[in-house]
Amino acid sequence: MPEADDVDEEEEMPLSLRLSIADTLTLGNATCGFMAVYFTTTGILIPDLMGSQESGMARNSAATAVILMLCAAVFDLFDGLVARKLRSSPMGAELDNLSDLISFGLAPAYFVLVYGMVAEGAYQRVAAVGAIVVLLAVVLRLARFSCVTVKDGTFQGMPSPFGALTVVSIVLLELPFVATLLAILGTAWLMVSRVEYPKPRGRLAVAMLSWIVLGMGMMAAWAFDAPGGQLLLQTGCALQLVMGAVIPLFATARRVNNFRDNRREARAAQLP
């Protein structure tokens with residue numbers, strides 16, 4: 001007869017099936033991404049297909065979808081912090097990648113696709129190409145993140161949450177269709193590029209969280225047609241695009257300066 005301790009060990013749930021606190025936050029990320037797709041469909045796409053002229057409902061649904069993506073970014077920020085402070089289950093990394101694919105790959109790509117279907121002067125097939133490019137960029141980025149080791153404290157390529165919010169900001173700015181498509185393709189390229197982005201830790205994490213909360217406030221003001229809400233939305237989206245363009249410039253300048261410093265040190269070492 002097996003001993004009682006052996007029976008307990010056999011009946012105990014395997015470590016690979018236990019969810020940690022960080023994993024629960026990651027699942028919240030995936031839920032927000034799915035609900036963003038839901039509100040984009042029920043509040044924007046279906047009313048447009050049915051010929052509804054109620055712009056307020058579309059605006060509220062668009063704002064809700066974007067706020068849910070912002071909430072997904074908050075979950076993504078905190079699950080990493082919690083995993084470092086406490087612990088993560090053996091399937092934590094896989095859960096994180098799958099959730100990011102939903103919230104920062106599928107949700108923004110679907111947002112772009114719906115924009116191409118409902119916006120005036122847009123081309124549905126061209127918008128579908130842009131949406132596919134965004135989705136594939138996130139897929140490639142997440143796959144590379146799992147396989148490539150980079151130096152601590154940096155990401156290689158634009159992080160997918162930052163890229164998703166940039167793509168959505170481009171759409172909400174309501175630029176001419178060609179300019180919108182080019183900006184979206186540029187953002188997708190940055191996500192799969194080798195440009196270094198700092199990881200949100202310490203003060204940078206606080207700044208990122210503050211920016212997300214501010215973005216939620218702007219979206220709420222725009223959704224409820226508050227005075228100056230449209231201006232707040234455009235300002236926030238423009239700042240998101242500026243940050244997406246400026247950070248790579250700073251990273252490139254830092255890399256060039258480091259290269260020059262290394263060459264200078266090498267030359268100094270060769271001198272007698």
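Since this is a predicted model, take the numbers as computed values, not measurements.
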Minimum-distance pair of heavy atoms, taken over all atoms of [X] and [Y]:
X    : Y    : result
M69  : A36  : CG-CB, 4.1 Å
Q240 : S169 : CG-OG, 3.4 Å
A127 : F177 : N-CZ, 4.0 Å
L106 : L135 : N-CD1, 3.8 Å
L232 : A221 : CD1-CB, 4.2 Å
A107 : V37  : CA-CG2, 3.8 Å

About how many Å separate [atom2] of [Y] and [atom1] of [X], when rounded to the nearest 0.5 Å?
X    : Y    : atom1 : atom2 : answer
T64  : R59  : OG1   : CZ    : 11.5 Å
L45  : S61  : CG    : OG    : 11.0 Å
I170 : L181 : CD1   : CG    : 10.0 Å
T40  : I44  : OG1   : CD1   : 5.0 Å
L95  : L25  : CG    : CG    : 11.5 Å
N97  : L142 : CG    : CG    : 5.0 Å

Hydrophobic clustering (ILVMFWY, side-chain heavy atoms < 4.5 Å, transitive) - are [Y] and [X] grouped together?
X    : Y    : answer
W211 : V206 : no
W222 : L173 : yes
L70  : F34  : no
M158 : V192 : no
L175 : V134 : yes

Inset, instruction - Not counting sequence neighbours, which residues clear ring pair (Phe, Tyr, Trp, His ring centres under 6.0 Å) with F162? List them please. - result: none
What I'd like to find out is whether the side chain of [X] reaches to under 4.5 Å of the side chain of [Y], using heavy atoms alone.
X    : Y    : value
I67  : C71  : yes
F111 : V171 : yes
M216 : V74  : yes

Legend entry - side-chain contact (heavy atoms from CB on, under 4.5 Å) assessment of I184 paired with V133: CA-CA 9 Å; I184 289 173; V133 169; over 6 Å; no
Legend entry - M219 and V66: CA distance, side-chain angles, deciding distance, side-chain contact (heavy atoms from CB on, under 4.5 Å) verdict: CA-CA 8 Å; M219 293 303 305; V66 177; 3.9 Å; yes
Inset, instruction - May I ask you to decide if V139's main-chain N or O and R144's side chain share a donor-acceptor pair within less than 3.5 Å? - result: no
Inset, instruction - Would you confirm whether R141, through its side chain, and L190, through its main-chain N or O, come within 3.5 Å as a donor-acceptor pair? - result: no
Inset, instruction - List the steps and the verdict of side-chain contact (heavy atoms from CB on, under 4.5 Å) for F39 and L68. - result: CA-CA 9 Å; F39 278 101; L68 285 167; 3.6 Å; yes
Legend entry - Candidate list L98, D76, L77, I102, test side-chain contact (heavy atoms from CB on, under 4.5 Å), partner N29, passing option: D76
Legend entry - Derivation and outcome, side-chain contact (heavy atoms from CB on, under 4.5 Å), residues F75 and T26: CA-CA 6 Å; F75 279 118; T26 303; over 6 Å; no
